[in-house]
2 protein chains.
Amino acid sequence: MPAPRTYEDLRSLIARRHLELSDRLRRIAEFAVQHPNDMALKTVAGLANSIGVQPSSIIRFANGFGYDGFSEMQQVFRSRLVAEATPSYRERIASMHGAQARSKGNGSAGGEPAAVLSQFVADDIGALEELHDRTGERELTKAVALLAQSKAIHLLGQGRSFPVAFYLHYALSRLDLRAFLVDSLAGTAARQARMASREDVVIAISFKDYSPDVVTAVEEVVARKVPVIAITDSPLSPLAAGAKVCFEIAERRDRPFRSLVAPMCLAESLVVSLGHSLTARNS
Amino acid sequence: MPAPRTYEDLRSLIARRHLELSDRLRRIAEFAVQHPNDMALKTVAGLANSIGVQPSSIIRFANGFGYDGFSEMQQVFRSRLVAEATPSYRERIASMHGAQARSKGNGSAGGEPAAVLSQFVADDIGALEELHDRTGERELTKAVALLAQSKAIHLLGQGRSFPVAFYLHYALSRLDLRAFLVDSLAGTAARQARMASREDVVIAISFKDYSPDVVTAVEEVVARKVPVIAITDSPLSPLAAGAKVCFEIAERRDRPFRSLVAPMCLAESLVVSLGHSLTARNS
DNA sequence: CTCGTCTTGGAATTATTATTCTATTGTTTT
DNA sequence: AAAACAATAGAATAATAATTCCAAGACGAG
């Protein structure tokens, strides 16, 4: 009988066998299902102390469930802590297109276009979930409040990020807000950004490697105390430094290709929230 | 200066000081904010290996932020893991999926910014799933083949769809393909589209109400037998009529607000598939 | 160019932690 | 009641991991 490799499996195996376990092992079993966090992080000695058994008993427990040693079993408890929010989507999608399975190994999408699409859909769903998890209400509320009371909104984004800036400009204009798109068409971004006053707001979007134009422009407006809302990929980003609000959109480590889906979704949400906030004020 | 005791504090301290850090320490700082899970669970040697620095540098990093040693700092990262595993976190995730279910009923997002974001995330996930389900392998393969053998690619999209067109232009250019963005800056779209020849491909993106400029331009190039790939919302769309390939991105009836997430995801998939196809051909 | 300062690499050392082993205890069987 | 068996405690040992230390390298200032 092979040792369980996932937390769920281990948990149910413990549940199934805990009756036939000896006294000490049962105490460990009960503790394990009740305090999986401790099982994941504490040392053998620490656990032995908490449970009230000898360290060797814990080793025997691990051996009893098929593991080479405690450390091996602990990995299973640790995997629970870092478990991806929803492997369900990935699996569901993988099962639909068999080609998907192949691409899992090398980390990059395989050759078939349908497999590529499956991969992107799955990754983008993951990115959206991460956006949801990691974006605090505080930032959203603050950003909307800033935007609502601003005299004008300047959109700053170049290269890959430009579509987001453009979208925001388009949508904000349709809300009858004064929105300016810094497109670097006529002159540099820095020069255009000089239009922004302290009563305005600048929304800057940039991911690494950060567009130097955008970074420079942000530094300039921050120096003039113009409020900045940053949409970027890390709190270490040069945009984050002087920003009043910083939205962080984590990129998935295993994917070389960066998706615009999450930033777009955030942009849409901001626009609609702002719309609600303005409507509420006018009524 | 006391060392931060919570993950949030540590993270913001790292963000604040990362500029003044030395080369190696900054690399560690970047890794730390990007891979907090690894920081929580791996060993010094393992991290050193992942980051590409010496173990001693990691100790110095911990000392630099006021900790007695690495282990003490690691506790802070671990505290974050157990915080996320608390029931409330899982409830938040569950509530999001609940929001998706609810949205089918009333269709409009609530007032709070966080609720709006949840709504958008849920709806966009739904849109991506629908994209995945409704997009056939045939269309994808045909589109990629068309693009691969084209002499040039013209991107056509205005208003809300322009970000998608721009993105495609940006990404295709980076593949060293001849990509032309019909931006209507100098002259009408129709005039610019006249550049397209029968050996080119036009990718037209438009959703209702269909931008007249784009519709006209598409009709013109179709009449000249230029192959068109349409990304639109209905097979009845004016873009679909003469298109060689038509990607249909369904609108959710009950949702007043249109999201760009699904078209963006499709665009990204097309670009990457095309990239693969070109690489395969060159080898 | 040279000195002084700060940073880094890497082996040596110390510490912590897991694991093993054996004596002991308790329990059941005859 | 004694023998056999199973389970456990606890010290001893092996392993893994963290930390220290010093030499070498990089960078600036004078």
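Small disclaimer: the values here were computed from a predicted structure and weren't measured. All heavy atoms count here, side chains included; hydrogens, waters and symmetry mates do not. To find a chain, count down the sequence lines: A is the first, B the second, and so on, and within it residues start at 1.
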How close or far is atom [atom2] of [N] from atom [atom1] of [X], stated in whole angstroms?
X        : N       : atom1 : atom2 : value
Asp23(A) : dG26(C) : CG    : P     : 13 Å
Arg26(A) : dT8(D)  : CZ    : P     : 10 Å
Ile51(B) : dG9(C)  : CD1   : C1'   : 15 Å
Leu41(A) : dT17(C) : CG    : P     : 13 Å
Ile58(B) : dT8(C)  : CD1   : P     : 13 Å
Leu21(B) : dC6(C)  : CG    : P     : 16 Å
Asn49(B) : dG9(C)  : CG    : P     : 14 Å

### Message
Does a side-chain N or O of Gln54(A) approach OP1 or OP2 of dG10(D) to a distance below 4.0 Å, or not?
### Response
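So the side chain of Gln54(A) is within the cut-off, an N or O lying under 4.0 Å from OP1 or OP2 of dG10(D).
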### Ionic contact status for Arg26(A) with Glu30(A), cut-off 4.0 Å
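Salt bridge: no.
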### Query
Under the 3.5 angstrom rule, does the side chain of Arg24(B) hit a backbone N or O of Ser57(B) as a donor-acceptor pair?
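Not a single qualifying donor-acceptor pair exists.
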### Task
Can you label the angle between the Phe162(A) ring and the Phe166(B) ring as parallel, tilted or perpendicular, going by 30° and 60°?
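Ring orientation of Phe162(A) relative to Phe166(B): tilted.
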### Query
Just by protein heavy atoms under 4.0 Å, how would nucleotides 17-27 of chain D read 5' to 3' in B, S and -?
SSBB-------
### Query
Looking at residues at least two apart in the chain, or sitting in another chain, which of them share a side-chain hydrogen bond (donor to acceptor under 3.5 Å, both in side chains) with Asp233(A)?
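Residues passing side-chain hydrogen bond (donor to acceptor under 3.5 Å, both in side chains) with Asp233(A): Tyr210(A).
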### Query
Distance from Leu131(A) atom CG to Glu248(A) atom CD, nearest 0.5 Å?
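One gets 10.5 Å once the value is rounded to the nearest 0.5 Å.
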#### Entry: Aromatic Tyr170(B) / basic Arg160(A) pairing, under 6.0 angstrom, 45° off normal
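So Arg160(A) doesn't make the cation-pi contact.
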